[in-house]
Amino acid sequence: MPLQQIRRMTLLFVAVLAGLALWAALSPTAPTYAQDPTATATAEVTEAATSAPTVVPTVAPTTVPTTAPTEAATVEATPESTAETATSANTITVDGSQIVSPILRTVSTNYKAIDPNTTVDVVVSGTGGGFEKLCNGTLDINMASRPITDAEIAACGAKGVNFVELLLGYDAVVLIVNATSPVSCVSLDQVNKLIGPNAQGVNNWNATDPSQADSAISALYITTPADSQSQVRTLVDAVLAGDGIRPDLTVATDSAEILTKVAAETGAVGVLTLKEWNRASSQGVKALQLRNSTTCIDPTVPNLDEGRYLGGESLFLYVNAASLDRQPVSAFLTYLLGTNGRRVVGDSGFVSASTILYDRGINYINNKQTGRTFSRIQSVNLPADTAGTVTVDGSPSVFAAVKAISSTFQPRYAQIVINTAMYGDEAGFRKLCLNTIDIVGATRQINDTEAQACQNAGVQFLRLFVGYRSLVVVVNGNNTFAQCLKAEEVQKLFGGAATAKTWKEVNDTFPETPLLLLAPTLGDSDTDLLLRKLTPGQTAPYRRLSDVTENNDALYRAAATKNVEGAVTFMTYADYQAALKQNMAIKAVSLDSGSGCVEPTEANITAGTYAVSEPLYLYLNTSSFTRPEVRAFVWYLLSDDALTSIGKQGLVGVDTNGFVAARDLVLERFTAVSTPVPTLTPVATTATTAEATAAATTEATTAATAEVTVEATAEATATPAQ
């Protein structure tokens with residue numbers, strides 16, 4: 001081809017590109033802060049923590065608030081977005097909320113310096129448009145200025161798309177008044193009467209509610225005029241009922257001017273974002289609290305984390321779980337939830353979530369924790385001054401876990417008393433079926449007779465599998481003879497009638513090596529478990545009193561066992577693993593309770609074949625869910641913080657996924673008791689399969705007790721061996 005012809009074609013191509021750019025520049029575009037319609041929630045589709053299907057109880061559906069900011073669809077790609085990179089495995093596709101998009105655009109630009117080979121395409125189709133693409137499986141990440149709706153979850157489920165929900169931060173409105181104002185706390189309804197679309201002319205606080213002081217309102221200040229879009233106006237419109245806000249607010253140049261005006265005028269009111277309030281001097285002004293039920297809540301990040309402050313909206317990311325199999329996607333999200341990404345949230349005019357929530361998000365990415373997580377936690381709004389008593393009974397073996405959860409729960413709800421009286425499994429189930437207690441801690445499943453008694457009394461319950469409590473007998477690392485101990489030999493070591501001073505007195509084939517017996521202090525529940533499991537029929541086992549070195553520190557006992565050839569002790573499986581990590585020369589022996597030697601491994605423990613082990617369950621009385629104090633404790637019981645407390649109890653096979661999945665079931669029951677229905681229909685048994693290792697299952701007993709089981713073991717056994 002002649003050179004001149006090539007040049008002419010090149011010039012023609014450039015001219016076409018220029019024309020397209022001019023057309024795009026002249027085309028009408030959506031305003032920066034417009035709003036995004038939200039579909040009304042219909043029926044909830046519960047999503048388990050794995051890809052295995054979950055059967056949903058037939059109770060009233062949980063609904064999601066339909067007031068959400070709306071965002072017009074625009075299409076804006078980052079400069080590096082090209083048709084060629086759109087098909088690359090290193091291209092991350094992001095769509096959704098215009099409000100959230102500045103965060104992702106900035107982070108993607110910053111990330112390019114870290115990983116130049118990864119391209120992050122950020123376009124804006126609105127929150128709803130992003131969910132549509134996500135649920136069709138054509139998008140990696142959806143940006144959302146509201147939680148996913150039940151209808152959108154159903155759409156994702158129909159296409160087999162699982163999602164991981166991440167929380168970036170919040171946009172929240174703050175009303176400020178003069179420091180001398182008699183008004184300090186208002187309801188969201190009062191705010192609506194003050195600055196909502198029909199509030200024009202309201203000039204006294206008692207016009208918003210007769211209980212408020214007779215205090216004149218001299219001026220209402222906001223940034224940006226009524227005919228323009230801004231972050232604060234879009235936010236207020238999203239939080240309040242109706243369309244728009246009152247048009248006669250006084251426009252200030254910026255937030256600094258609002259602060260100056262309100263500090264100087266006794267009756268002035270200013271409207272700010274939480275970000276503006278947090279970086280301002282509060283001299284001469286104060287932020288109004290928002291009433292949540294009977295409690296006045298300050299505009300703070302911790303209160304937003306827990307969904308208590310009602311004047312804000314959360315900024316979410318919804319990640320296609322399948323996309324996390326691609327290293328560029330998981331690496332980018334880990335960077336986004338790190339220190340640099342959090343800083344961008346604040347620089348974009350928002351406030352970032354608490355560090356602990358970012359850490360949870362990283363954990364959800366690493367573990368592919370699917371389904372509603374953060375939005376579920378925020379959906380239960382119970383006042384901090386909720387009062388009452390929650391009664392727990394059952395097996396003493398569960399007491400430690402309940403106590404650990406209660407100790408971190410009560411600082412949040414100081415007026416809720418957790419009354420624990422652990423009188424055993426049988427007593428706990430009897431009281432449950434009499435409807436006199438709220439929660440049972442048990443080391444076995446409810447039997448048919450007990451279940452029938454509950455049905456006859458109209459008491460329904462949810463069963464939650466917690467984990468396995470297990471002990472191991474530990475000897476010196478050089479001990480070559482005590483490879484496996486029979487039940488009677490353990491009795492000769494630690495039983496109440498034991499007198500052995502050498503290993504030979506335990507077993508004639510053992511050497512004359514002197515014994516060093518180490519054990520927890522008298523009365524410790526670990527001793528009870530060890531001897532009870534190895535002496536069937538002995539209801540009150542007791543430990544030998546003589547020649548025993550007592551110490552409750554398992555690592556101390558492990559160190560002593562390491563240093564003395566004839567030493568022997570017992571400890572939890574978790575404590576034993578911790579000792580091994582410190583390179584202690586000790587070893588756990590196999591135990592023979594009558595069916596041969598069984599090694600203390602996690603697999604044997606969760607399979608129920610290792611003798612000194614017992615499963616722990618919590619039975620939640622759903623009849624008690626009508627009481628707010630019970631709902632508060634049960635919801636905390638299923639939280640990540642409670643799981644952290646349980647994780648410190650040395651249990652094996654803690655069912656983290658089951659706890660997360662149980663949140664959906666519990667919320668449905670919360671809805672059922674607040675919306676009366678004739679009766680709950682029992683649901684069919686869902687057997688656990690080898691593939692569904694972390695699925696929540698729902699089942700009804702043959703007596704139709706409408707029991708719901710939420711459990712998963714490490715080997716997916718349908719019923720742990722007793």
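The structure displayed is predicted, hence computed values, not measured ones. Any value given below was found using the heavy atoms of this structure, including those in side chains, with hydrogens, waters and symmetry copies removed.
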Query raised in the report: Step by step, would you call Ile148 with Phe131 a side-chain contact (heavy atoms from CB on, under 4.5 Å)?
Result: CA-CA 8 Å; Ile148 189 170; Phe131 275 127; 3.7 Å; yes

Query raised in the report: Distance only, no hydrogens: is a donor on one side chain within 3.5 Å (strictly under) of an acceptor on the other, for Tyr170 and Asp305?
Result: yes

Report task. Give a yes or no on whether a salt bridge exists between Asp298 and Lys286, defined as a side-chain N under 4.0 angstrom from a carboxylate O. Result -> no

Query - Criterion side-chain contact (heavy atoms from CB on, under 4.5 Å) on Val634 and Phe670, from CA distance to verdict - result: CA-CA 10 Å; Val634 167; Phe670 285 176; 4.3 Å; yes

**Report entry** Polar side chain donor-acceptor pair, Ser125 to Asp95, under 3.5 angstrom
**Finding:** yes

Report task. Could I get the full list of side-chain contact (heavy atoms from CB on, under 4.5 Å) partners for Thr208, not counting sequence neighbours? Result -> Gln190, Lys193, Leu194, Val202, Trp205, Gln212

Query raised in the report: Looking only at side chains, do Asn178 and Ser181 share a donor and an acceptor under 3.5 Å apart?
Result: no

Requested in this report: May I ask you to decide if Ile416's main-chain N or O and Gln410's side chain share a donor-acceptor pair within less than 3.5 Å?
Outcome: yes

Query raised in the report: Under the 3.5 angstrom rule, does the side chain of Ser255 hit a backbone N or O of Glu276 as a donor-acceptor pair?
Result: no

Query raised in the report: Does Ser323 have any side-chain contact (heavy atoms from CB on, under 4.5 Å) partners at least two apart in sequence or in another chain, and if so, which?
Result: Asp140, Asn320, Arg326, Val329

Query raised in the report: Okay, side chain of Glu165, backbone of Ser375: is any donor-acceptor separation there less than 3.5 Å?
Result: yes

Report summary line: Distance col, row Leu167:CG vs Leu357:CG, nearest 0.5 angstrom, shows 6.0 Å

Query - Any donor-acceptor pair under 3.5 Å from Asn204 side chain to Asn206 backbone - result: yes

Query raised in the report: Are Glu152 and Arg146 close enough for a salt bridge, meaning some N to O gap below 4.0 Å?
Result: yes

Report task. State whether Asp359 and Arg342 are salt-bridged, where the test is any N-O pair (Lys NZ or Arg NE/NH1/NH2 against Asp/Glu carboxylate O) under 4.0 Å. Result -> yes

Report task. Without swapping roles, check the side chain of Thr106 against the backbone of Ile103 for a donor-acceptor pair under 3.5 Å. Result -> no

